[in-house]
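Order of the sequence lines fixes the chain letters, A, B, ..., with proteins taken first and strands second; residue numbering starts at 1 for each chain.
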Number of protein chains: 2
Amino acid sequence: MHESFVSNPSFFKLDATLKKIKNYWQKNFDARGLAITVDQWLVIENLYKHKRITHNELAKLTSKDITTVSRIVELLVRKELVERQGSTDDRRKVFLQLTPEGVSKYKEVRPLVLEMRETGWKNLTEGDFQEMTRILDVIYSNIP
Amino acid sequence: MHESFVSNPSFFKLDATLKKIKNYWQKNFDARGLAITVDQWLVIENLYKHKRITHNELAKLTSKDITTVSRIVELLVRKELVERQGSTDDRRKVFLQLTPEGVSKYKEVRPLVLEMRETGWKNLTEGDFQEMTRILDVIYSNIP
DNA sequence: TAGCAATAGTTGCTATGGCAACTATCTATA
DNA sequence: TATAGATAGTTGCCATAGCAACTATTGCTA
């Protein structure tokens with residue numbers, strides 16, 4: 001273990017980069033009047049891909065606390081982008097899915113998201129992407 | 001630009017990894033009764049390194065919004081780890097520095113931080129660290 | 001030098017994040 | 001089958017994040 005590993009603030013650069021990305025995304029969302037947050041987008045994206053899932057499943061997919069998911073869903077329900085359906089099998093469970101407006105919102109936002117992802121990865125190669133993914137995965141698995 | 005660049009949620013893995021790191025750090029802080037948060041630690045670390053700086057300078061060093069810095073400082077002042085000193089040259093400015101208790105807190109927490117950084121970088125090389133740093137720097141500079 | 005723009009910092013508001021405590025429901029088992 | 005434990009989700013609390021609006025001060029310039 002070399003000095004740079006321990007002297008360098010390990011999470012600081014991650015934090016700074018992530019904040020810059022989220023800020024950039026949010027400003028673009030706002031500039032286009034999309035009326036959603038970046039985390040709300042993440043939820044919408046997952047509901048589009050997985051159709052009909054519970055809060056718990058959504059929490060795992062988004063790496064969010066279930067309480068946070070619960071609150072984001074509440075905001076999206078108020079915006080009429082998501083609807084809740086109580087399960088009949090297990091009355092504790094609530095299934096979530098996009099409303100038609102939610103699906104429209106997904107399709108409206110998606111091209112901008114692709115564009116912003118390209119902007120972030122400019123000047124980087126496919127190999128860089130894989131390296132980063134690999135390293136983040138190792139860090140993730142290192143932590144108990 | 002290959003498909004993986006645009007199909008893969010670019011910030012999601014960063015976000016998930018960062019949350020895992022912060023959680024792990026916070027649990028260790030709490031388990032040892034250190035009575036600070038991870039972000040408060042970042043502020044203490046910067047005040048230890050830079051001695052006597054303003055809110056604005058601290059905000060730049062920590063990549064935090066000045067409002068957030070202002071609030072974290074308030075919490076640290078209440079804990080008597082940080083003290084404020086109004087500038088005489090420019091009465092808008094407030095200089096911040098660690099109290100003796102703040103310096104003690106730094107020295108108490110520092111070994112644990114080094115340990116946790118090593119845990120995060122386990123199974124990774126110096127080269128991996130540099131790769132990650134390079135890639136994050138490019139992403140950061142890509143974003144307007 | 002009067003007044004306006006810029007700067008330093010604070011406060012209010014809303015959203016996300018995590019923990020603890022809570023309700024409601026379901027499952028397992030004595 | 002009564003009950004204890006597990007599970008799904010919500011709510012309260014506090015911390016961080018960012019924006020807008022605000023006060024106080026300073027610097028610039030007409």
Side-chain angles (χ1 to χ4, degrees), chain A residues 11-12 15-31 34-44 53-60 62-79 82 84-96, chain B residues 11-12 15-31 34-44 53-60 62-79 82 84-96:
Chain A
F11 72 85
F12 172 69
D15 186 67
T17 307
L18 183 61
K19 274 192 282 204
K20 186 143 188 196
I21 294 171
K22 275 199 175 179
N23 245 276
Y24 171 62
W25 282 45
Q26 190 63 57
K27 279 193 210 306
N28 273 276
F29 283 0
D30 293 348
L34 296 173
I36 56 168
T37 67
V38 175
D39 292 287
Q40 287 166 16
W41 163 254
L42 185 60
V43 164
I44 289 171
I53 55 179
T54 64
H55 289 74
N56 245 320
E57 292 164 337
L58 190 50
K60 275 171 201 144
T62 55
S63 278
K64 291 185 183 300
D65 199 281
I66 188 174
T67 57
T68 302
V69 166
S70 184
R71 283 166 184 137
I72 292 177
V73 163
E74 173 62 23
L75 294 176
L76 292 176
V77 167
R78 280 193 215 152
K79 289 177 186 172
V82 168
R84 300 191 184 97
Q85 288 182 343
S87 166
T88 46
D89 307 6
D90 183 342
R91 283 188 300 160
R92 293 170 303 179
K93 284 190 185 174
V94 178
F95 289 108
L96 303 169
Chain B
F11 71 87
F12 172 70
D15 186 68
T17 307
L18 184 60
K19 274 192 283 203
K20 186 144 187 195
I21 294 171
K22 276 200 174 177
N23 244 274
Y24 172 63
W25 282 45
Q26 191 63 56
K27 280 192 207 314
N28 274 276
F29 283 0
D30 292 348
L34 296 174
I36 56 168
T37 66
V38 175
D39 293 286
Q40 287 166 17
W41 163 254
L42 184 61
V43 164
I44 290 172
I53 54 179
T54 64
H55 288 75
N56 245 320
E57 291 164 337
L58 190 50
K60 276 171 199 145
T62 55
S63 280
K64 290 184 184 301
D65 198 281
I66 188 173
T67 57
T68 302
V69 166
S70 183
R71 283 167 183 136
I72 292 178
V73 163
E74 174 60 24
L75 293 176
L76 292 175
V77 167
R78 280 193 213 152
K79 290 176 184 171
V82 168
R84 299 191 185 96
Q85 288 181 342
S87 166
T88 45
D89 308 6
D90 183 341
R91 284 188 298 159
R92 292 170 303 181
K93 285 189 184 174
V94 178
F95 288 109
L96 303 169

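- Across A:Val69, A:Thr62, A:Thr67, a single residue satisfies side-chain contact (heavy atoms from CB on, under 4.5 Å) together with A:Asp65, and that is A:Thr67.
- When atom types are taken as modelled, the side chain of A:Asn28 and the backbone of A:Tyr24 share a donor-acceptor pair closer than 3.5 angstrom.
- Of the possible polar contacts, none joining the A:Glu74 side chain to the A:Arg71 backbone as a donor-acceptor pair under 3.5 Å is found.
- If you take CG of B:Leu76 and P of D:dA15, they are 11 Å apart, rounded to a whole angstrom.
- The shortest distance between side-chain heavy atoms of A:Ile44 and A:Leu76 falls below 4.5 Å.
- The shortest distance between the side-chain N/O atoms of B:Ser70 and the OP1/OP2 oxygens of C:dT10 is below 4.0 Å.
- Atoms NE2 and NZ, from A:His55 and A:Lys93 in turn, are 13.0 Å apart once rounded to the nearest 0.5 Å.
- One atom, CZ of B:Phe12, and another, P of C:dG17, lie 11 Å apart when rounded to the nearest Å.
- In this structure A:Lys22 satisfies the side-chain hydrogen bond (donor to acceptor under 3.5 Å, both in side chains) test together with A:Asp39, sequence neighbours excluded.
- A:His55 has no side-chain polar atom (N or O) that falls below the 4.0 Å cut-off from OP1 or OP2 of D:dA8.
- Residues A:Ile72 and B:Asn56 both approach DNA chain C. Their nearest nucleotides, taken by heavy-atom distance, put B:Asn56 toward the 5′ side.
- The residue among A:Phe95 and B:Leu75 whose nearest nucleotide of DNA chain D lies closer to the 5′ end is A:Phe95.
- Backbone-only engagement by A:Val94 is indicated by non-hydrogen atom pairs under 4.0 Å involving sugar-phosphate atoms exclusively.
- B:Trp41 has its CH2 atom 19 Å from the C1' atom of D:dA15, to the nearest Å.
- Straight-line distance from the CD1 atom of B:Ile44 to the P atom of D:dT16: 11 Å, rounded to whole Å.
- Between B:Leu96 atom CG and C:dA8 atom C1' the separation is 12 Å, expressed in whole Å.
- A:Ser63 OG to B:Leu18 CG: the interatomic distance, rounded to the nearest 0.5 Å, is 11.5 Å.
- Separation of atoms CG (B:Leu42) and CD1 (B:Ile72) is listed at 8.0 Å; rounding is to 0.5 Å.
- Protein atom CD1 of B:Ile66 is 13 Å distant from nucleotide atom P of D:dG18, rounded to whole Å.
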Problem set entry | Base-contact (B) and sugar-phosphate-only (S) positions in nucleotides 18-26 of chain C, heavy-atom cut-off under 4.0 Å, - elsewhere | BBB---BBS

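- Atom NZ of B:Lys60 and atom C1' of C:dT7 are 10 Å apart (whole Å).
- Taking only side-chain nitrogens and oxygens, A:Gln40 comes nearer than 4.0 Å to OP1 or OP2 of C:dT16.
- The nearest whole Å value for the distance from the CZ atom in A:Phe29 to the P atom in D:dG18 is 16 Å.
- Note on the helix from C:dT1-D:dA30 to C:dA30-D:dT1: terminal axis deviation equals 10°, with five pairs used at each end and the result rounded to 10°.
- Counting only distance, with no hydrogens or angles, the side chain of B:Gln26 and the backbone of B:Asn23 share no donor-acceptor pair below 3.5 Å.
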